[in-house]
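Below, chain A is the first sequence line, B the second, and so on; all start at residue 1. All values below come from the heavy atoms of this structure, side chains included, with hydrogens, waters and symmetry mates left out.
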Amino acid sequence: MNFEMKKHYQPQKVEKKIYSFWEKNGFLKPKKSKAKPFSILMPPPNANAPLHIGHAVFVTLEDILIRFYRMRGRPTLWLPGFDHAGFETQVVYDKKQKPDKNLSREQLYKDIWNFTQKNRKIAREQLKRLGASADWSREKFTLDKDIVKIVLDTFKKLYKDNLIYQGNRIINWCPYHQTSLSDLEVTHQEVEGKLYYIKYPFTNGKNYIVIATTRPETMLADTAVAVNPRDKRYKKLIGRKVVLPLVGREIPIIEDMAVDINFGTGVLKITPAHDPVDFEIGERHKLPLIQVIDKKGRISLDPQLITSKPDLKELDELPVSQARKIIVKILKEKGFLEKEEPYRHTISVCYKCKTPIEPLVSKQWFLKIRPLAKKAIEVVEKDKIRFYPKRYKKIFLNWMRNIHDWNISRQIVWGIRIPIFYCQKCKKIIVSEKKPKKCPDCGSKNLIPETDVFDTWFSSGQWPFAALGYPNGKDFNTFYPTSVMETGWDILFFWVARMIMLSLYRTKKIPFYNVLLHGLVRDKDRQKMSKSKGNVIDPLGVVKDYGADALRMALVFGTSTGSDIIISEEKIRAQRNFANKVWNASRFVFKNIGRDFNPKKIKPKLTKEDRWILKELKKTEKKITKAIENYRFHEAAEEIYHFFWHRFCDKTIEDCKKRLIDNDRETPKWVLWQVLYRSLKLLHPFMPFITEEIYQRLPARPKKALIVEKWEKG
RNA sequence: GGGCUCGUAGCUCAGUUGGUCAGAGCGUUGCGCUUACAUCGCAAAGGUCAGCCGUUCGAGUCGGCUCGAGCCCACCA
């Protein structure tokens, strides 16, 4: 067959070859030019697992933009990287590698390091297979020395600016993973629980008040009972005292506006050490903290209390869920339980293991985020940063306006260690990445390091300027702020919000102009993809069977920007068929124009049909250009699909078939060449491999490669 | 408790600022191997654009309400 083109396009045979052709020729690096730069930082995939379909989505969308702007002649940078992904990776690592529990901290860190580097290599190759035209010479890792240095500098600066504090505050504790979590790492789950009504007698022994609670076991740590000052029923009681049942401790009745008059009995028991609301109320009223639940999520009683109240002994060391049953039993026996009602409510659970979160008071590092949030709100309100789809602006602002201080410390090994040393002698806190020779205050050499590491989002929140080499890097000066931040909406708060805040703080500039958010990938029954459901589509498997081009096209076809992406094998197959159509139309054209065809040597005498298709082509170029500029990828994809298949193939090629045996054979050849050539360009951002492969066979191709061809705006 | 999104052909979805759209892909049915392609071509069937009311000369496209589906945030014990 002419030009050695087989009847069916075989992506497996060309994709790898084409990719290395691009890479070897330096086409993936930004070219020098005076035009305005275009840049995207790749959301660094976690270096702990192979790529999933979600990664294929970002590769597709970002690569479309990158290829589009590269062809438009802008110095275009797509900077790839990988994330050490602290807690996430440690969880994956524990599950997969089942490390020896006796490993030293250093050895464990080293093992996880090797684990991530292995995965990073795999993921990098996979990104290439998907066609990601990123500049690999600039690849970064979130634990690269220069990145870590910037992250630590940011911490130091925040510390200096009094935006960091270490506090004994109530935090979300995961009893399973043995670490604190930020508010975002906690999800809420509805459960069928019970509301227990417990009698708290007054100190004079006459009468009692009743409180309603879902967590009776925490009563052991109550240090007050609160009512709303506006509650007429209880107003008179404020200032009196009650005796804590079972424990016998006298605790005051206080007033606080946070108490909801209409809930339960309108009386709230206050357990500052084990409930976030109570903690705040406790702070307002300077209530003591009594801890009865430990980090394993078990009851842990003061030995003295057990001695004085032997009835409580059986509770000691019980997990809270069991302790709840026992304490209810005891309360019932002793007549303190008025009643219990079924009650549906939500509890907080660890987003990874779904273990109920134990609110505990613990020493952690916090970032006062409000001042940073304020600036972020400003730039978004003023549309200095735009969101696509627009609705995310509101969502973003709403979250930003209600932000709480951020617990940035994690009690895990894998991550960037918080650069703090404690002087054991004078208790001074020293900010330093390396162990100082001695304490600057008392001169003691007895210094021990902080073992907590940063929340991984604290470092990835600095990705935009860190990866580009802030403050003096050439790339930072050229490409920052970046043009577009494209990522999934599920990490809008985790990542996008933090990037905006931390970048503004460090660089005084926005990190990017546009935020483009894509949705979740679902199967054809709208089900979320998950291993347990067995409906996952492995992107690399698809690449192997149908080619990366078909997968990419299927991911944008028929899904509007930002909404969930429905994908199915049928859809991918349809796009594989389209690829084949492109292949065969090209075969037809090549066969008819011949190897030595040169359009420049021809003066075409255009027919009505010719003028029609050229006009359609121009219209298509215009529409696609506009659609991509506005992130309406599905419109662009569908436009080129229909133009190529139903106008070029169905009409023009059929028309030319007749004319190629006519007197004027040169005009149809010219038209076929022209339309094919320009169609390849239009299609290239979506289906880079097949279009490049065909381009390489195109007679009289103007450039060495399609990837660096000039885009036609129409 | 606050907020968001969605209900358009059998299925999954498009329909930028209201006036050529009632559409695409897959599926279905009937014919076709014609200078590429059966991973194809030609033709066909199908929806009162969830329901009701309103704004308008005119509404899937704007406003209100109802019903139904999904999601996010949240310190109601």
Side-chain angles (χ1 to χ4, degrees), chain A residues 1-2 5-9 170 183-184 186-188 193 195-196 211-216 218 226 258-271 274-281 343 345-346 348 359 389-392 394-395 397-399 402 404 489-490 492-493 519-520 522-526 528 546-547 550 553-554 557-592 626-627 630-632 634-635 637-639 641-642 645-646 649-650 653-654 656-661 672:
Chain A
M1 174 53 69
N2 199 17
M5 287 173 83
K6 292 240 169 69
K7 196 158 127 181
H8 287 167
Y9 170 61
I170 195 141
D183 293 344
L184 283 177
V186 168
T187 58
H188 302 275
L195 199 51
Y196 301 92
I211 59 97
T213 180
T214 55
R215 295 201 63 188
T218 62
V259 180
D260 183 347
I261 296 174
N262 298 315
F263 185 90
T265 59
V267 188
L268 178 62
K269 67 190 227 20
I270 307 297
T271 321
H274 297 296
D275 183 280
V277 176
D278 295 6
F279 181 83
E280 285 185 12
I281 295 176
Y343 182 60
H345 64 120
T346 53
S348 300
K390 277 206 290 278
R391 63 172 181 276
Y392 286 108
K394 216 176 178 181
I395 294 172
L397 287 173
N398 188 47
W399 185 78
N402 296 307
H404 289 42
W489 56 254
D490 53 325
L492 176 63
F493 305 142
L520 226 61
R522 295 173 184 276
D523 70 9
K524 60 180 189 302
D525 302 318
R526 299 208 101 260
K528 209 186 256 188
Y546 298 104
M553 197 66 172
F557 211 82
T559 49
S560 63
T561 310
S563 59
D564 287 346
I565 296 162
I566 311 291
I567 189 93
S568 61
E569 186 148 349
E570 293 86 75
K571 210 170 155 188
I572 296 163
R573 204 177 293 132
Q575 295 308 325
R576 185 273 317 263
N577 293 354
F578 176 56
N580 195 238
K581 188 76 182 176
V582 174
W583 183 253
N584 276 292
S586 307
R587 272 206 324 153
F588 175 85
V589 172
F590 292 164
K591 180 181 163 194
N592 281 287
K626 215 177 148 200
N630 292 311
Y631 310 121
R632 305 176 65 87
H634 62 288
E635 274 181 16
E638 285 163 46
E639 199 60 44
Y641 181 97
H642 287 113
W645 199 315
H646 300 302
C649 292
D650 291 356
I653 287 186
E654 291 308 320
C656 287
K657 274 181 186 171
K658 295 171 220 145
R659 292 163 55 200
L660 284 162
I661 51 176
L672 289 173

Starting from P on rU5(B), measure out to CG on Leu492(A) and report it in whole angstrom.
14 Å

Quick one: Glu654(A) CD to rC42(B) P, roughly how many Å, whole number?
8 Å

Below 4.0 Å: OP1/OP2 of [N] and any side-chain N or O of [X]:
X: Ser563(A); N: rA14(B); result: yes
X: Arg391(A); N: rC72(B); result: no
X: His8(A); N: rA38(B); result: yes
X: Lys581(A); N: rG41(B); result: yes
X: Asn262(A); N: rC76(B); result: no
X: Arg587(A); N: rC37(B); result: yes
X: Lys7(A); N: rA38(B); result: yes
X: Tyr546(A); N: rU39(B); result: no
X: Thr213(A); N: rA77(B); result: no
X: Lys394(A); N: rC4(B); result: yes
X: His646(A); N: rG25(B); result: yes

Determine, stepwise, if the pair Tyr546(A) / Glu569(A) fulfils side-chain hydrogen bond (donor to acceptor under 3.5 Å, both in side chains).
CA-CA 10 Å; Tyr546(A) 298 104; Glu569(A) 186 148 349; 2.7 Å; yes

Does Tyr641(A) offer a backbone N or O that forms a donor-acceptor pair with the side chain of Lys581(A) under 3.5 Å?
no

Taking the side chain of Glu570(A) as its heavy atoms from C-beta onward, which of rC26(B), rA36(B), rC75(B) lies nearest to it?
rC26(B)

Mind checking the C1' distance from rU35(B) to rC31(B)? Whole angstroms is fine.
23 Å

For nucleotides rG23(B) and rA44(B), find the distance between their P atoms and express it as a whole number of Å.
13 Å

Tell me every residue that passes salt bridge (charged side-chain N to carboxylate O under 4.0 Å, His left out) with Lys657(A), counting only those two or more places apart in sequence or in another chain.
Glu654(A)

Touch class at under 4.0 angstrom, heavy-atom based, for Leu268(A) against every strand present
base

